[in-house]
Amino acid sequence: MSVLYKTIAKEAEASQIIEKSRFIAHAKSVSSKEEADCFVAEIRQKYKDATHNVPAYVIGDKMQIQWASDDGEPQGTSGAPIVQMIVGEGLTNICIVVTRYFGGIKLGTGGLVRAYTSSAKMAIEEAGIYEVRDFTTFDCEIAYNQLSRLQYAQKDLPFEIVSIIYEDILKITLKFEAENEQKIIDFLTELTSGNFQKK
């Protein structure tokens, strides 16, 4: 399987009102703890008048770093459930901050868990899921009259032509998922009538 991990496709925001409290969730794809901490600080600054700014992040291709804070909410009702939800969705390299403006009605433990996780989930849905895959590249040489067939083959075979150098023969760099390497080699061998050389 060549999917390395799943994260979110873009930065996103979502909000909802629950029992007069306003919840605003911000989600961002991050690749380090430092990047996540900067994002948390940025959101806290933006909503410094909010009752709570609850951060949670999961980082690493094996979800090695998991961290959250309840930011003044009862322990275990906000940050930790968001981390559990992120892990449950199979996502990593993601930072979420859920901001709450208290509306005067207490939600209770279960209500808080539901409010924070549903807000975070809304932001994830808004951002969309992106699969980070394990790609490999290699160089090959083909004749000019074989180029159009190679380009046409991209419709059926999962590879991308990264670059073409036009010399006496064409020097081409291909990119594809590692698991498809044999398929690509078989096609190139057939295309070049057995003269294919992997560089």
Side-chain angles (χ1 to χ4, degrees), residues 1-14 23-46 52-71 73 75-99 113-140 154 156-163 172-188 198-199:
M1 188 65 175
S2 61
V3 176
L4 294 178
Y5 60 87
K6 290 192 301 182
T7 186
I8 51 172
K10 63 180 197 297
E11 193 171 330
E13 174 187 342
F23 291 86
I24 309 157
H26 285 266
K28 184 178 183 178
S29 176
V30 293
S31 55
S32 67
K33 183 182 179 304
E34 291 70 31
E35 206 180 331
D37 289 339
C38 282
F39 181 63
V40 171
E42 185 187 309
I43 299 299
R44 280 187 165 150
Q45 180 60 29
K46 184 175 177 181
H52 307 280
N53 283 295
V54 172
Y57 53 73
V58 177
I59 299 167
D61 57 355
K62 303 277 188 297
M63 305 179 182
Q64 297 95 319
I65 301 170
Q66 298 180 14
W67 179 85
S69 161
D70 292 310
D71 194 43
E73 290 283 26
Q75 192 176 353
T77 60
S78 49
I82 295 173
V83 166
Q84 285 162 9
M85 185 272 296
I86 292 169
V87 171
E89 295 282 321
L91 299 172
T92 188
N93 285 11
I94 178 173
C95 179
I96 295 178
V97 183
V98 179
T99 299
V113 170
R114 283 191 297 278
Y116 277 100
T117 52
S118 66
S119 299
K121 202 162 189 173
M122 283 167 65
I124 288 171
E125 283 165 7
E126 189 63 34
I129 305 297
Y130 173 70
E131 291 184 340
V132 177
R133 293 174 174 268
D134 181 16
F135 283 101
T136 186
T137 61
F138 66 52
D139 299 328
C140 61
Q154 288 181 103
D156 301 313
L157 279 170
F159 70 87
E160 185 186 325
I161 297 173
V162 179
S163 68
I172 294 179
T173 302
L174 301 179
K175 174 180 161 186
F176 46 86
E177 287 179 44
E179 64 191 29
N180 292 316
E181 182 164 0
Q182 195 53 51
K183 274 189 213 164
I184 311 294
I185 289 172
D186 291 347
F187 167 74
L188 289 166
K198 180 180 167 184
K199 297 291 171 186

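Numbers here are sequence positions counted from 1. Reckoned from all heavy atoms, side chains included, excluding hydrogens, waters and symmetry mates.
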What's the separation between atom [atom1] in [X] and atom [atom2] in [Y], rounded to the nearest 0.5 Å?
X: Asn180; Y: Phe187; atom1: CG; atom2: CZ; value: 13.5 Å
X: Ile8; Y: Ile129; atom1: CD1; atom2: CD1; value: 8.0 Å
X: Ile59; Y: Lys33; atom1: CD1; atom2: NZ; value: 8.0 Å
X: Lys183; Y: Asp156; atom1: NZ; atom2: CG; value: 11.0 Å

Between [X] and [Y]: side-chain donor-acceptor atoms closer than 3.5 Å:
X: Glu73; Y: Thr77; result: no
X: Glu131; Y: Tyr5; result: no
X: Ser163; Y: Thr173; result: yes
X: Ser29; Y: Asn93; result: no

Heavy atoms only: give me the nearest [X]-[Y] pair and the separation to one decimal.
X: Ala80; Y: Ala68; answer: N-CB, 3.8 Å
X: Leu91; Y: Thr7; answer: CD2-O, 4.0 Å
X: Ile184; Y: Pro158; answer: CD1-O, 4.3 Å
X: Thr92; Y: Asp61; answer: CG2-CA, 4.4 Å

Apply salt bridge (Lys or Arg N to Asp or Glu O under 4.0 Å) to Asp71 and list each qualifying residue two or more places apart in sequence or on a separate chain. Arg44

Tyr130, OH atom: more than 12 neighbouring heavy atoms under 6.0 Å: no

Is it true that atom CD of Gln75 has more than 12 heavy atoms of other residues, nucleotides or ligands lying nearer than 6.0 Å? no

Taking the basic N atoms (NZ, or NE/NH1/NH2) and the acidic carboxylate oxygens, is any pair closer than 4.0 Å for Lys6 and Glu89? no

Does the ring centre of Phe176 sit less than 6.0 Å away from the ring centre of Phe135? no

